Protein chains: 2
Amino acid sequence: MDAESSRVEKNAVSPVKIDRRSLHGEILTRLRTMIVEGDLAPGARINEVEICTQFGVSRTPLREALRSLASEGLVELVPSRGAVVREFSAKEVRDTIAVIRNMEEFACVTACAQASDAGIGEIRALHDAMEAAYEKGDRRHYYNLNQQIHTHLVDLADNSALSQVHETLQARMKRFRYAGHEGPENWARAIAEHRGMIEALEARDPDRLKAVIGQHLGAAWERVADMFAATQEGTKEKH
Amino acid sequence: MDAESSRVEKNAVSPVKIDRRSLHGEILTRLRTMIVEGDLAPGARINEVEICTQFGVSRTPLREALRSLASEGLVELVPSRGAVVREFSAKEVRDTIAVIRNMEEFACVTACAQASDAGIGEIRALHDAMEAAYEKGDRRHYYNLNQQIHTHLVDLADNSALSQVHETLQARMKRFRYAGHEGPENWARAIAEHRGMIEALEARDPDRLKAVIGQHLGAAWERVADMFAATQEGTKEKH
DNA sequence: GGATCAAATTTTGTATGCAATATGCATTAC
DNA sequence: GTAATGCATATTGCATACAAAATTTGATCC
């Protein structure tokens with residue numbers, strides 16, 4: 001026991017030497033990106049050998065990655081029938097966004113109370129970069145910065161469990177958010193809401209921040225709902 | 001066809017040993033129980049072959065189960081060094097309970113507004129059974145019913161994302177809750193808090209329910225904190 | 001011609017084997 | 001006597017092989 005404790009303190013730095021023994025981690029990241037960014041359609045069956053040959057690996061690490069994705073809620077594992085990219089009903093999307101909203105509102109209180117100025121400054125930098133991406137019309141960059149802002153905001157609450165769960169749910173919704181801000185008016189509105197967010201955060205006003213985040217994510221659901229109704233209408237009606 | 005379709009809808013309940021095509025699922029459940037109920041100590045390295053021979057299976061399904069447990073946050077996977085049962089610092093436990101508390105408070109509103117009487121009746125039945133277990137001094141049964149009550153309460157909000165995330169976090173904390181209600185006075189206090197919960201729920205009073213749940217989970221943290229300080233003191237101080 | 005059943009193929013689930021890395025011990029040098 | 005280095009063992013990571021189940025296809029019967 002004491003022999004163990006003497007060599008525990010080695011996890012501070014781990015620069016870049018990880019990837020030799022992490023094929024499953026690599027696959028996990030790539031598959032997650034493919035699902036989250038829409039390269040794999042919801043409901044699509046994932047053929048193991050197909051992905052294996054595509055990635056140039058064997059089935060073992062792929063299957064391990066699929067288990068992780070199932071735990072994250074991005075794929076569903078049907079016994080004896082393999083993995084399918086998870087489909088979300090309109091209700092599931094709405095409910096998930098509601099949970100994300102609740103988490104971010106929860107984070108507001110702690111974040112405003114005990115975030116460092118540097119932490120808030122990081123979000124300000126992200127916000128400015130997002131505005132720049134908006135004005136340049138760079139949607140990809142805008143989306144990523146948008147997500148990072150929400151992630152960083154939650155991180156300001158300094159609650160790892162909250163951050164981790166929030167990240168998981170956010171990943172599930174990423175595909176929908178990508179398609180969410182379609183018209184320029186929606187996009188402009190989202191930007192305006194974000195301006196309110198960063199201002200309330202810099203003022204460290206938790207109530208105002210909660211209100212504006214609630215409004216922002218409520219609007220996010222409406223934006224997604226439109227898209228959802230349009231795309232899902234042709235295929236299938238659930239809930 | 002009809003013979004086939006009759007046995008499709010069986011995934012509502014998953015008793016124990018249904019399909020022989022889910023060894024990894026079986027292992028996952030057993031390992032999770034072992035971790036959650038304290039049979040595997042935090043920080044303990046999990047030797048694959050050891051568990052394999054113990055379970056009588058090969059390493060493949062075990063490794064898949066370990067990935068899932070890692071995604072659930074119950075084990076940590078160190079590259080080239082295998083899986084260790086995850087340790088939680090006092091701060092992590094406190095933060096996780098805070099998130100659980102926030103989720104249950106969030107569930108209160110929807111639950112009080114739109115739960116069915118039957119759903120509330122189920123929780124009443126669980127509560128009465130829990131009281132009976134308390135009076136009989138049956139701790140094991142009490143703990144399980146206690147957890148079920150919290151799970152069912154969240155389920156009343158009819159938000160699958162919320163239920164799933166709550167269940168995951170609750171599983172992480174189960175070990176600590178087991179050890180939480182140690183003295184009889186703490187136990188009695190927890191029972192009293194639960195009485196307030198079920199009464200507020202039956203009155204469909206969300207504000208009162210939120211208050212009593214907040215108090216209950218705040219007290220839960222205090223109970224856990226005592227235990228935590230006592231047990232962790234001897235080994236290591238984190239955060 | 002359509003439907004049903006059976007065989008073949010595909011695909012998943014599990015076991016085993018091999019290579020690479022980590023760990024522990026012993027020997028040697030200082 | 002202590003520390004460092006090299007070797008042996010153990011354990012992890014991945015690939016392959018084999019078995020069972022599901023899907024597809026084809027043939028036969030009505």
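Reminder, nothing fancy here: chain letters follow the sequence lines and each chain counts from 1. Remember, predicted model here, so these are calculated numbers, not experimental data.
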(Q) Can you measure B:Glu26 atom CD to C:dT14 atom P for me and round it to whole angstrom units? (A) 11 Å
Q) Quick one: does A:Met130's side chain get under 4.5 Å of A:Leu126's, heavy atoms only? A) no
Q) When the distance from CG of B:Leu28 to C1' of C:dG13 is rounded to whole Å, what number comes out? A) 16 Å
Q.
If I take atom CZ in residue B:Arg63 and atom P in nucleotide C:dG13, what distance separates them, rounded to the nearest angstrom?
A. 17 Å
Q | Protein-nucleotide distance (A:Leu62, atom CG; D:dT16, atom C1'), rounded to Å | A | 15 Å
Q) Which comes earlier along DNA chain D counting from the 5' end, the contact point of A:Arg81 or that of A:Pro61, where each point is its nearest nucleotide? A) A:Pro61
Q.
Taking 4.0 Å as the cut-off, does a side-chain nitrogen or oxygen of A:His24 come that near to OP1 or OP2 on D:dC14?
A. yes
Q. Salt bridge between B:Arg30 and B:Glu26, side-chain N to carboxylate O under 4.0 Å?
A. no
Q: Please list residues of residues 64-76 of chain B whose heavy atoms come under 4.0 Å from any atom in DNA chain D, ordered by number; otherwise none.
A: B:Arg67
Q | Aromatic ring pairing B:Phe88/B:Phe176, orientation class (parallel under 30°, perpendicular over 60°, tilted between) | A | perpendicular
Q: Give one of base, sugar-phosphate or nothing for A:Arg59, where a contact means two heavy atoms less than 4.0 Å apart.
A: base
(Q) Suppose we call a contact any N or O donor and acceptor under 3.5 Å apart; does that hold for the side chain of B:Ser80 and the base of C:dA22? (A) no
Q) Is A:Arg86 salt-bridged to A:Glu72, going by a charged N under 4.0 Å from an acidic O? A) no
Q: Within residues 41-51 of chain A, find the residues that approach DNA chain D with a heavy atom at under 4.0 Å, and present them sorted by residue number.
A: none
Q: Check whether any side-chain heavy atom of B:Val75 sits under 4.5 Å from a side-chain heavy atom of B:Ile35, and report yes or no.
A: yes
Q) Which heavy atom of A:Met173 sits nearest a heavy atom of A:Ile97, and at what distance? A) SD-CG1, 4.1 Å
Q. Do A:Glu37 and A:Arg140 sit within salt-bridge range, that is, some charged N less than 4.0 Å from a carboxylate O?
A. yes
Q) Do A:Phe55 and A:Leu31 touch side chain to side chain, with heavy atoms closer than 4.5 Å? A) yes
Q. Within this structure, what is the CG-to-C1' distance between B:Leu77 and D:dT11, rounded to whole angstrom?
A. 14 Å
Q: Taking all non-hydrogen atoms of both residues into account, name the closest pair between A:Leu40 and A:Arg175 and its distance.
A: O-NH1, 3.3 Å
Q) Starting at CD1 of A:Ile27 and ending at P of D:dG13, how long is that distance when rounded to a whole Å? A) 13 Å
